[in-house]
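Hydrogens, waters and symmetry mates play no part in the numbers below; they use all other heavy atoms, side chains included. Every chain is numbered from 1 and lettered A, B, ... according to where its sequence line falls, protein lines coming before strand lines.
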2 protein chains.
Amino acid sequence: MKENSVPEATVARLPLYLRSLVDMTERAVATVSSEQLAEAAGVNSAKVRKDLSYLGSYGTRGVGYDVEYLIYQISRELGLTQDWNCMIVGVGNLGRALANYRGFGSRGFRVAALVDSDTAKIGGRVGDLEIEDFEDLERIAKERQVSIGIITTPAAAAQGAADRLVSAGIHSILNFAPALIQVPDDVSLRKVDLSIELQILSFYEQRKAAFDSVRRARRLTGSAARSTRP
Amino acid sequence: MKENSVPEATVARLPLYLRSLVDMTERAVATVSSEQLAEAAGVNSAKVRKDLSYLGSYGTRGVGYDVEYLIYQISRELGLTQDWNCMIVGVGNLGRALANYRGFGSRGFRVAALVDSDTAKIGGRVGDLEIEDFEDLERIAKERQVSIGIITTPAAAAQGAADRLVSAGIHSILNFAPALIQVPDDVSLRKVDLSIELQILSFYEQRKAAFDSVRRARRLTGSAARSTRP
DNA sequence: ATGGGCTTGTGAACGCATTCTCAAACCCGA
DNA sequence: TCGGGTTTGAGAATGCGTTCACAAGCCCAT
Ligand SMILES: NC(=O)c1ccc[n+]([C@@H]2O[C@H](COP(=O)([O-])OP(=O)(O)OC[C@H]3O[C@@H](n4cnc5c(N)ncnc54)[C@H](O)[C@@H]3O)[C@@H](O)[C@H]2O)c1
Ligand SMILES: NC(=O)c1ccc[n+]([C@@H]2O[C@H](COP(=O)([O-])OP(=O)(O)OC[C@H]3O[C@@H](n4cnc5c(N)ncnc54)[C@H](O)[C@@H]3O)[C@@H](O)[C@H]2O)c1
């Protein structure tokens with residue numbers, strides 16, 4: 001009766017709210033209105049209220065939301081009341097950076113295993129973790145109770161890595177390789193693609209440049225004088 | 001008359017199509033139907049046709065699209081016919097990984113400058129680039145004609161970094177720091193937030209776990225017998 | 001106790017994106 | 001030259017997410 005499906009767009013914003021709320025507790029703010037939270041998270045206040053209403057009625061009319069309580073509720077909804085073990089597949093430039101990243105564990109995500117297929121790398125260490133053999137992926141995943149797989153192999157190896165993660169019983173995958181990978185329906189797959197982000201920026205940058213040069217040309221030829229009013 | 005605004009959602013998919021098309025030329029495919037391209041990019045074919053129709057009528061009915069020609073048109077639309085210079089602000093774990101990343105330049109993005117505020121790092125090298133002083137950001141950006149700024153500083157320093165990039169005349173920023181940053185309207189800002197991605201995965205992972213345990217409980221108590229048909 | 005001022009929670013309107021659908025257009029073989 | 005098979009391009013329908021708008025509900029001062 002109470003709850004079912006939270007819209008995907010809302011799920012994606014809950015972490016934003018959470019971050020803002022945690023900032024607030026650090027500044028000893030006890031209560032927050034949807035307006036204030038909206039400002040902090042960079043969205044509009046109706047959105048905040050609607051999003052939070054999917055989780056339940058945790059606000060007080062005329063007052064706002066209790067910061068601590070809301071942190072708890074959002075954390076619970078996001079599954080952050082427990083820790084999650086992650087495995088990084090492919091320990092190159094990027095995999096190493098992720099493995100070294102503190103502030104990972106800060107919200108309950110623990111890098112529990114690193115695997116690579118390069119025999120020159122296996123046995124090496126990153127921080128206090130050993131790089132292990134990709135071939136042992138299933139065993140390692142089971143032993144360490146890994147539930148999230150992070151793929152940082154070259155694109156060509158990404159599908160293979162995903163297949164192995166799935167066969168190890170992992171249902172959540174974050175892919176950094178610029179490749180489309182297929183997983184069964186019951187596996188969540190998210191991707192982060194830097195190159196796509198840059199191309200999107202480039203699209204808008206070009207638009208701006210084109211627009212500017214039109215303006216510049218107009219100014220030079222004096223055609224700006226042909227304005228709407230004759 | 002011909003073209004105006006391409007929807008944002010379409011812009012975000014053009015790089016995907018482009019990647020698939022480039023793969024195809026490498027496999028010597030000359031012509032592609034919307035159906036095939038859709039399959040390769042992991043979307044539906046009506047979407048492909050509608051997206052491409054925003055750029056113009058580049059297909060041939062009964063035949064499909066010419067792969068080379070489509071690559072050229074999409075590249076042009078995305079502004080990839082020219083090179084773009086990027087500056088990385090904050091050369092730590094992540095900044096260093098990005099700086100070392102080849103496959104960056106592969107599609108016209110060149111890391112042209114690295115800056116950091118840590119005097120211990122300034123003067124050091126990453127690959128063939130020197131780490132320079134954050135204080136000289138404006139001068140460096142101008143000299144190297146940087147048009148894209150990449151922020152990989154700690155969250156607390158991200159807004160400051162963005163302000164300096166903006167004051168250097170940069171209109172496109174990619175932010176990796178987990179912080180909300182404000183920029184003027186004429187600046188494009190995109191963010192990549194690993195921690196948010198993990199939290200989204202955690203949300204669905206938890207749902208799956210909850211659902212599984214319900215199923216397990218049902219099976220044990222035999223209540224699955226109370227099915228829809230009596 | 002009561003009224004005034006705030007803020008939530010949510011129906012309703014709106015807008016954007018996706019998907020369905022099919023006439024129009026093209027190629028090719030007979 | 002013509003007709004059958006194929007595929008595009010775009011209008012229409014649908015669905016999802018955002019935003020508006022306001023009644024309901026809460027707190028506090030009087
Ligand atoms: N480095 C970056 O900044 C960056 C940025 C965006 C995207 N990416 C993408 O992330 C991925 C990794 O990039 P990188 O720069 O770290 O590359 P890299 O070559 O430095 O590292 C890749 C690692 O994967 C390992 N590997 C290869 N095949 C494997 C397999 N089948 N199983 C397990 N491990 C395997 C290699 O041994 C290597 O250690 C690439 O797909 C790249 O396109 C990287
Ligand atoms: N490392 C990762 O894998 C990872 C993953 C996701 C997000 N992030 C985020 O990316 C950012 C960088 O992460 P990191 O692990 O590389 O951190 P890091 O501490 O290794 O590097 C940060 C760098 O920024 C520099 N810096 C600090 N203040 C600066 C300023 N005002 N101007 C210029 N440079 C400044 C520091 O000297 C340091 O070199 C952080 O915000 C982090 O949360 C990192």
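Only at 4.0 angstrom or more do the heavy atoms of residues 15-37 of chain B sit from any atom of DNA chain C, so none qualifies.
For the pair Arg13(A) CZ and dG17(D) P, the computed distance is 9 Å after rounding to whole Å. One interatomic measurement links the two molecules: OH of Tyr69(B) to P of dT8(D), which rounds to 16 Å at whole-angstrom precision. Leu55(B) has its CG atom 14 Å from the P atom of dT8(D), to the nearest Å. The nearest whole Å value for the distance from the OH atom in Tyr65(A) to the C1' atom in dC6(C) is 13 Å. One interatomic measurement links the two molecules: CG of Leu70(A) to P of dT7(C), which rounds to 16 Å at whole-angstrom precision. As a whole-Å value, the separation of Asp51(B) CG from dT19(C) P is 11 Å.
A side-chain contact (heavy atoms from CB on, under 4.5 Å) with Ile88(A) is found for exactly one of Val115(A), Leu94(A), Val111(A), namely Val111(A).
Contact of the Phe176(A) side chain with the Leu98(A) side chain is registered, since non-hydrogen atoms from C-beta on lie closer than 4.5 Å. Put simply, the side chain of Tyr65(A) does not reach to within 4.5 Å of the side chain of Leu21(A), judged on heavy atoms.
With hydrogens and angles disregarded, no donor-acceptor distance shorter than 3.5 Å links the side chain of Ser172(A) to the backbone of Ser188(A). Side-chain N or O atoms of Glu68(A) include none that pairs as donor or acceptor with a backbone N or O of Thr25(A) at under 3.5 Å.
Listed nucleotides dT18(D), dT8(D), dG9(C) differ in distance to Ser57(A); the shortest reach to its side chain belongs to dG9(C).
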Contact string for nucleotides 20-30 of chain D, one letter per nucleotide 5' to 3', B = base within protein heavy-atom range under 4.0 Å, S = sugar-phosphate only, - = neither, reads BB--BBBS---
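For Gly64(B) and Glu8(A), each mapped to the nucleotide of DNA chain D holding its nearest heavy atom, the one lying further toward the 5' end belongs to Gly64(B).
For dG17(D), the OP1/OP2 oxygens have no side-chain nitrogen or oxygen of Lys47(A) closer than 4.0 Å.
Nearest heavy-atom pair across Asn175(A) and Ala158(A) is OD1-CB, 4.3 Å. When all heavy atoms of Ala161(A) and Val89(A) are compared, the pair lying nearest together is CB-CG1, 3.9 Å.
The aromatic rings of Tyr69(A) and Tyr58(A) sit perpendicular to each other, their planes meeting at more than 60°, with 30° as the lower class boundary.
In this structure, a donor-acceptor pair under 3.5 Å is present between the side chains of Gln199(B) and Ser195(B).
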